[in-house]
Amino acid sequence: MSYSNHKLLKSRLPGGFRDFLPDEFAQRQWMLDTAVKVYQSFGFKPLQTSSVEYFETLAGGDETSKQIYRVFNQEPDLSVESLALRFDLTVSLARMMAANRNLFTLPFKRYQIGEVWRGERQQRGRFRQFLQFDADIVGTEHPSADAEILLLMYTTMQALGVENFIIKLNNRKILNGLALKLGMNPDEINTFLRILDKLEKIGWEEVKKLLKGDDTGLTDEVQDKLSLSAESINTVEELINLPPDNSERLDEIFHLIQDVEIGREGVGEIEIIFALLDETGVPEDRISLDLSLARGLDYYTGPVFETILTDLPSLGGVMSGGRYDDLVERFSKESLPATGVSLGVDRLLVGLQELGLLKAEQSASDFLIVGLGEEMRGIAFKVAHELRRRNIKTEVFLGDKMGMKQQLKYADKSGIKYAVIIGSDEWAKQTASVKNMKNGEQIEIPISKLEEFYLKIRD
RNA sequence: GUGAGUGUAGCUCAGUUGGCAGAGCACCAGGUUGUGGCCCUGGUGGCCGUGGGUUCAAGUCCCAUCACUCACCCCA
């Protein structure tokens, strides 16, 4: 080794980026496998888009473009157009659909697994690189597509073994209708939505202050303030304090905003969604109409969804999405309505870990062929190769010393179930001493019977 | 970008009013030359995040800086 004099680098990783060691990776993989099965059962088709896009393709609203990671060459001057890493899978999907729309039968349903990047400060359950698992339906305005996405969300959470979750549902059209009714201009609407979204976190009294324009005593300079009339605030309050039952809520909302067309439309869509979900027997309390749900991404136009773990609400949404009917218009003159959802795999993984809902995934091998002594190394290779050809997970020891101690220790620490010990004695008899690493029991059997032995102990 | 907290062995962390750099776990060797875990004995491993200052003396006090973590914003 010629590295003895070099200065040691710290083995550090930038915040928000992570390594996955085998055990955790296996858990994450299990989540993906589980979700893939659900998505496929709905008929969603797999698809992948590029991780790198032109910056202008991704840059939409103010807030998101600040978080976009830029990609540079070694000589930035040479790259004429600026490139960036995608911050979600949805914008790329819209771009791709616009470019290839005649290749797809509409409505088109696709799923996609992919890493995305956002330049944010790391927090619990929040990373700078994380895995999203999306399902989207492109090419239909019908609320049945939104209902299907909600059903997919519910089914996925169930399949992942999550008991305590709520899917919040709202409709941007209802909120827009409300804003119109209250006489807000378009600039104020986004502020209104952001304030409303804080309801669960800071409570109605604080929200009221923000709507009124009072000082809140909240630490930061909270820039979101409106100056609504007392009457308007009363209307908002009525909409916030609705009965628990979804259909009663809808009725009340309808009464309050029936004179605004877009609001009526929004209520109608939610009615259709609930009617369809009702047919499936999804419990009513799982999918809850929540008018305070706004969601930030500026491309949502209709129904929006967010899944919360009720035992861990502070983690934020783990599977969220909504309808974005205008997004494809950024790339094409023809509009292409769409709706979809994104499973935050890494965030949900953190949540399930904290709640202790993940079982240890086993990736350990069945056999370690223990050849005793250097002269038995080749024998071990030979025996292992035969077993692997029969689909038995088999390892040989690859360390320096072929001693009993080293090899049993390796088997133990790696969780290997059986040590198949072959010393010169055994080899002469064409047998192996098979040791159960869990209870220490050991029996001697012919090498030719190893497969039979494996089949017997497999379950 | 804003606020708070934390940086000491590979990991988790102790370290008192400033006075020899510590523990547990992990790793290596031995107790056991054909038997892992448990136990016992010994060992490797550190510029105390970095730079400056105060002091006879700094892991400890002061200043700066960087990094990480949590929270805000926003979001999966």
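Order of the sequence lines sets the chain letters (A, B, ...), proteins ahead of strands, with each chain counted from 1. This structure is a prediction, so every number in the text was calculated from the model and none was measured.
Between the base of C75(B) and the side chain of Arg295(A) there is no donor-acceptor pair shorter than 3.5 Å. Applying the 3.5 Å distance criterion, the base of U2(B) shares a donor-acceptor pair with the side chain of Arg121(A). For Glu120(A) against A76(B), a side-chain N or O and a base N or O form a donor-acceptor pair under 3.5 Å. You won't find any donor-acceptor pair under 3.5 Å spanning the side chain of Gln407(A) and the base of G34(B), going by distance alone. The base of A71(B) has none of its N or O atoms less than 3.5 Å from a complementary donor or acceptor on the side chain of Arg124(A).
Within 6.0 Å of atom OH in Tyr54(A), 12 or fewer heavy atoms from other residues, nucleotides or ligands are found, so the atom counts as exposed in its surroundings.
Residue Gln406(A) is out of contact with every strand shown, counting any heavy-atom pair closer than 4.0 Å. When heavy atoms are screened at a 4.0 angstrom cut-off, Lys438(A) is found touching base atoms of the nucleic acid. Here Lys413(A) lies in heavy-atom contact (under 4.0 Å) with sugar-phosphate atoms only. At a threshold of 4.0 angstrom between heavy atoms, the contacts of Ile421(A) include nucleobase atoms, whether or not backbone atoms are also involved. Looking at heavy-atom distances under 4.0 Å, Gly125(A) makes contact with a base. In this structure, Glu426(A) reaches the bases: a heavy-atom distance under 4.0 Å links it to at least one base atom across the strands shown. Within 4.0 Å (heavy atoms only), Phe127(A) reaches at least one base atom of the nucleic acid.
Across every strand in view, C39(B) sits in a pair with G31(B) that passes the Watson-Crick or G-U test at under 3.5 angstrom. Partner assigned to U54(B) is none, using Watson-Crick or G-U wobble distances below 3.5 angstrom. Across the strands present, U60(B) finds no partner; the criterion is a Watson-Crick or G-U wobble pair with both atom distances under 3.5 angstrom. Pair assignment for C72(B): G1(B), on the basis of Watson-Crick or G-U wobble contacts that are both within less than 3.5 Å. Under the Watson-Crick or G-U wobble criterion, with both distances below 3.5 Å, G7(B) is paired with C66(B). The base-pairing partner of A23(B), taking Watson-Crick or G-U wobble contacts with both distances under 3.5 Å, is U12(B). Across every strand in view, U17(B) sits unpaired, with no contact that passes the Watson-Crick or G-U test at under 3.5 angstrom.
G5(B) and C62(B) have their P atoms separated by 13 Å, with the value rounded to a whole Å. Atom name P, nucleotides G34(B) and G15(B): the rounded distance is 48 Å, in whole Å.
Distances shorter than 4.0 Å separate some side-chain N or O of Gln122(A) from OP1 or OP2 on C70(B). Contact between the side-chain N/O atoms of Lys198(A) and the OP1/OP2 oxygens of C73(B) is found at a separation under 4.0 Å. Phosphate proximity of U33(B) to Lys405(A): absent, as no side-chain N or O sits under 4.0 Å from OP1 or OP2.
For the pair Arg118(A) and Phe130(A), the cation-pi criterion (under 6.0 Å, within 45° of the ring axis) is not fulfilled.
Comparing C75(B), U35(B), A71(B) against the side chain of Gln123(A) picks out A71(B) as the nearest.
Mapping Phe130(A) and Ile422(A) onto RNA chain B by nearest heavy atom places Ile422(A) at the nucleotide closer to the 5' end.
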